[in-house]
Amino acid sequence: MISHKIKNSANNNLNENAVFYQEHFYTYKDLISVSEKLSWLHGKKIVIAYDKSWEFVSIIFACFSNQITFIPVSLSHPDYRLANIIQDC
């Protein structure tokens, strides 16, 4: 499964840089920390309101690691469109 491959790769490179955002490096250890906090969502379906941020990348990593189905949405979409997306989930 892809989730096992992602976790194994991250665990084998804990102190390596994984993400560079706004002049700061985040390691695989940082990604794993977020992933563990979201592990209670294993197997669930979630909607993520995204922006360009380190947090968004870490949540995507957590979703892949924990087999969480995710639908990224932009808050710039009209409310009715967001409502339809959320309702369909």
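Because the structure is a prediction, the values reported are computed rather than measured.
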Can you check whether [X] reaches [Y] side chain to side chain, under 4.5 Å on heavy atoms?
X     : Y     : value
Thr69 : Ile46 : no
Val47 : Phe70 : no
Lys44 : Asn66 : no
Gln87 : Asn84 : yes

Donor-acceptor contact present, side-chain Ser35 to main-chain Leu31, <3.5 Å: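 No: the side chain of Ser35 does not pair with the backbone of Leu31.
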Donor-acceptor under 3.5 Å (Ser58 side chain, Glu55 main chain):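 Present.
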Taking every non-hydrogen atom, the tightest pair across Leu82 and His77: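 Looks like CD1-O, 3.8 Å.
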Closest contact, heavy atoms only, Ser74 versus Tyr50: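 Nearest heavy atoms, Ser74 then Tyr50: N-CE2, 3.4 Å.
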Candidate pair Cys63 and Ile48, rule side chain to side chain contact (heavy atoms under 4.5 Å, CB included), full reasoning: CA-CA 10 Å; Cys63 287; Ile48 303 170; 4.1 Å; yes
Separation between CD1 of Ile85 and CD1 of Ile71, rounded to the nearest 0.5 Å: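 Interatomic distance, Ile85 CD1 to Ile71 CD1, rounded to 0.5 Å: 9.0 Å.
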Step-by-step side chain to side chain contact (heavy atoms under 4.5 Å, CB included) determination, Val57 to Tyr21: CA-CA 10 Å; Val57 172; Tyr21 179 71; over 6 Å; no
Pairs meeting criterion ring-ring contact (aromatic ring centres under 6.0 Å, His included) with involvement of residues 25-44, two or more places apart: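 Non-adjacent pairs meeting ring-ring contact (aromatic ring centres under 6.0 Å, His included): Phe20-Phe25, His24-Tyr26, Tyr26-Trp54.
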Name each donor-acceptor pair under 3.5 Å that joins a side chain in residues 11-19 to protein atoms two or more places apart or in another chain, with its distance.
unit_1, atom_1, unit_2, atom_2, d
Asn11, ND2, Lys7, O, 3.1
Asn12, ND2, Asn8, O, 3.1
Asn13, ND2, Ser9, O, 2.7

Within one Ile-Leu-Val-Met-Phe-Trp-Tyr cluster: Leu38 and Val73, side-chain cutoff 4.5 Å: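 Leu38 and Val73: separate clusters.
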Listed partners of Thr27 passing side chain to side chain donor-acceptor pair (under 3.5 Å), at least two apart: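 So Thr27 forms a side chain to side chain donor-acceptor pair (under 3.5 Å) with Asp30.
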